Asks: 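My questions all concern the structure below.
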Amino acid sequence: MSDTMNSLVPLPVLLPLLGAGAALMLSKRPQAQRAVTFGVLVAIVVIAAFLLVAADQHGPQVVWLGGWTDIGIALVADRLAALMLLVSAVVTLAVLAYSIGQGMTGDEAETPVSIYHPTFLVLVAGVSNAFLAGDLFNLFVSFEMLLFSSYVLLTLGGTATRIRAGTIYVVINVVSSMLFLVSLAAVYAAVGTLNMAQISQRVAELPDSVSLTLQLLLLVTFSIKAAVFPLSLWLPDSYPTAPAPVTAVFAGLLTKVGVYAIIRLQTLMFPDSPLTDLLLWVALATMLIGILGAIAQSDIKRMLSFTLVSHIGYMIFGIALATGAGLSGAIFYVAHHITIQTALFLVVGLIERRAGSTALLRLGGLARLAPVLGVLFFIPAMNLAGIPPLSGFLGKVGLLQAGLAEGSFAAIVLVAGGTLTSLLTLYAVAKTWALAFWRSPAQAHEMMRALPGEQDPAAEAGSATPHMVRHRGHVHVGSVAFGESDLDDARRVADDDSSDKDLYQLIQEDALPQHLPYWMTVPAAGLVAVSLAITVVAGPLFAYTDRAATDLLDGTPYLSAVLGEDAP
Amino acid sequence: MDVNLTLVIVCAALVGCGVYLLLERSLTRVLVGLVLLSNGVNIMFLVASGRAGTSPLVGSSDPEDMADPLPQALVLTAIVITLGTIAFLLAMAHRSWQINGNDDVQDDTEDAAIRKLAYDDATSDSYGLTTDGQHEDDPEEDGAV
């Protein structure tokens, strides 16, 4: 039993890589290419499910590649890795189905279609490899794999905005890769190995100052990937420009790979140095600054990118506590958040498709225009904010309880900060809901005409418009601030001659698609259903993450599985 | 562990120059900085591998005298990855030049907005002349796309 399961471990990396090659060869035959990509991802979901059961029942599954036990590269699927693998496989499958539905192919004339599927598969291989890596250098290689495909996906088509955002993204990530290499050289010089299990054994013999330096180097590297404040500033600028499915998979998975690496770092490699205080304050800053940024946004994609940063703080909170309950909460939250964030970005893609924009300024009345879209947005949005009984609520309760159980001053502050962040998230999504879904398109149009104000005193005098306040270059309408670029937008749209229209004008001209594209809606709805399923199976899932957290804190299952009889 | 001081100095110089160039605005210079930085980091692996020795081929010499082969393998992997990255960055610089006529790294939009606010405040506090919403001589506007 265990032996056959063992041989499954490399498949989540191997299959997508082979699939990428096949998809590249089939680039002239889009049908076959889609079939290959879809088939590979379905296979990975099945394999990941088997691995999850195997890791849960028989302990960590280890494969030494090429049979070089102890000196080769190990792939390890323990409870944590298997869960991450399964969640990421489900999410990537949904995103792929969505992008096939979107006809990524031919949607934008200048997009080189044929590379989308192979690149997506390499991304999946990189993510799987990162979760399975039992060796720091292998982790580095998998980061490079997923980053490289993310560079390509982010700059797909090479439009001006994507090149601008892509430049920043690429340079930041290249620098973080260099930092990772520096850390690797330092770790190798200090302990003479890059295998995580061996590092874990040898690090105890190092002087404290050396091991702390190594730990902080790796922590900074992974924090850039995970977008932990203050290393998060690149994220909201680069993600929103990509095509919707790409943003969705980035937002769901790439930051979580960083979080996963931090969990491994803190529990496996440096279990004796939890750095609780440092990480707690960093988590607090990530949560609050992220969510304050989200409130200030007037575009749904940017708002969601900021909530993504903010909610990374919850996971860091759980890791910082370094208790079973904290880690368990963090793992649960990662699984929940991958699903929910991806689902939200997919739905935003649908909004963009149905209403022509994601700028709050231009939207209104979507709840009536497309009730299905309303439901699809509302459920994950409330889940993100942590409304009971959804999984976001359960995850947050788990973390807050862990914080209270820890009981230190910093932990109590974090509990308060976490609650506040949750409320502010609710505020941010409720604002989006009120503007984009509830008010009528006519109201939205009125407000848009009145916004530039000084150009058009007649419109300002119209008493139908809501109260507006000018402050520091922004116009505040009710609870929303519109910045300079929004005002420019408003002027352009209000100009009747321009070809730039808002939703109201588009409805008047009957220029919108009448229905949601069916094959895009189904995957998005499927992912929303998965997020609801996480709520339903929250009990067993929490039991599972508890077992995973116990494994992590104990360390023995992982170490003895990798090192055989040599383990302590 | 014995450390070769020359290697350390070369590594430090390369990394220092690399970081300096990375902070430039032109993507081409960032690229050159990246090349220097990655070479510096690769040399760091040679430092980490310890004393130089004979070639690590089984049976060719006493294992005690051999150089550690693992860091060399790691460096090779890193070189290949850097090669790919640089090729991609070059392509991006070229595309940026096609679109904008230059390859400068553009301002972060958020960052520009914040600086704009700071700029507005400075003038209104000191002179009290500007009214809200007017930015005739804003320095950021020239560079905007």
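Chain letters run A, B, ... following the sequence lines, proteins first, then strands; residues in each count from 1. Here the structure is a predicted model, which is why all the values come from computation and not from measurement. Quick note: numbers below take in every heavy atom, side chains included, and nothing from hydrogens, waters or symmetry partners.
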Asks: For chain A, find which of Leu22(B), Leu70(B), Val15(B) contributes the most heavy-atom pairs closer than 4.5 angstrom.
Replies: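 Among Leu22(B), Leu70(B), Val15(B), the one with the most close pairs to chain A is Leu70(B).
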Asks: Answer yes if the side chains of Glu144(A) and Ser177(A) hold a donor-acceptor pair under 3.5 Å, and no otherwise.
Replies: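 Yes, because at least one side-chain N or O of Glu144(A) sits under 3.5 Å from a partner of the opposite role on Ser177(A).
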Asks: Measure distances from Val152(A) to the heavy atoms of chain B and classify the residue's part below 4.5 Å as side chain, backbone, both or neither.
Replies: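 Contact with chain B: backbone and side chain both.
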Asks: Does any part of the side chain of Phe143(A), heavy atoms only, come nearer than 4.5 Å to the side chain of Ser176(A), both counted from C-beta?
Replies: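 No, every pair of side-chain atoms sits at 4.5 Å or beyond.
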Asks: Counting only heavy atoms closer than 4.5 Å, note whether Leu89(B) contacts chain A via side chain, backbone, both or neither.
Replies: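 The answer is the side chain of Leu89(B).
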Asks: Taking the side chain as everything from C-beta on, heavy atoms only, tell me whether Ile199(A) gets closer than 4.5 Å to Thr193(A).
Replies: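 Yes - at least one pair of side-chain heavy atoms lies under 4.5 Å apart.
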Asks: Between Leu46(B), Asp68(B), Thr82(B), who has the most heavy-atom pairs with chain A when the cutoff is under 4.5 Å?
Replies: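 Looking at each of Leu46(B), Asp68(B), Thr82(B) in turn, Asp68(B) comes out on top.
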Asks: With only heavy atoms counted, which part of Phe45(B) is less than 4.5 Å from chain A, the side chain, the backbone, both or neither?
Replies: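 Looking at Phe45(B), backbone and side chain both touch chain A.
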Asks: Does Tyr169(A) reach the side chain of Leu235(A), with side-chain heavy atoms less than 4.5 Å apart?
Replies: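 Tyr169(A) vs Leu235(A): side chains apart.
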Asks: Check each atom of Leu147(A) against the heavy atoms of chain B and say whether the ones under 4.5 Å are side chain, backbone, both or neither.
Replies: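 Neither the backbone nor the side chain of Leu147(A) comes within 4.5 Å of chain B.
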Asks: For Val170(A), is it the side chain, the backbone, both or neither that has a heavy atom under 4.5 Å from a heavy atom of chain B?
Replies: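 Interface part for Val170(A): side chain.
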Asks: Verify whether the ring centers belonging to Phe140(A) and Phe137(A) lie closer than 6.0 Å.
Replies: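 Ring-ring flag for Phe140(A)/Phe137(A): true, centres closer than 6.0 Å.
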Asks: Just checking, any donor-acceptor pair under 3.5 angstrom between side chains of Tyr151(A) and Asn173(A)?
Replies: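 Side-chain D/A pair, Tyr151(A) to Asn173(A): absent.
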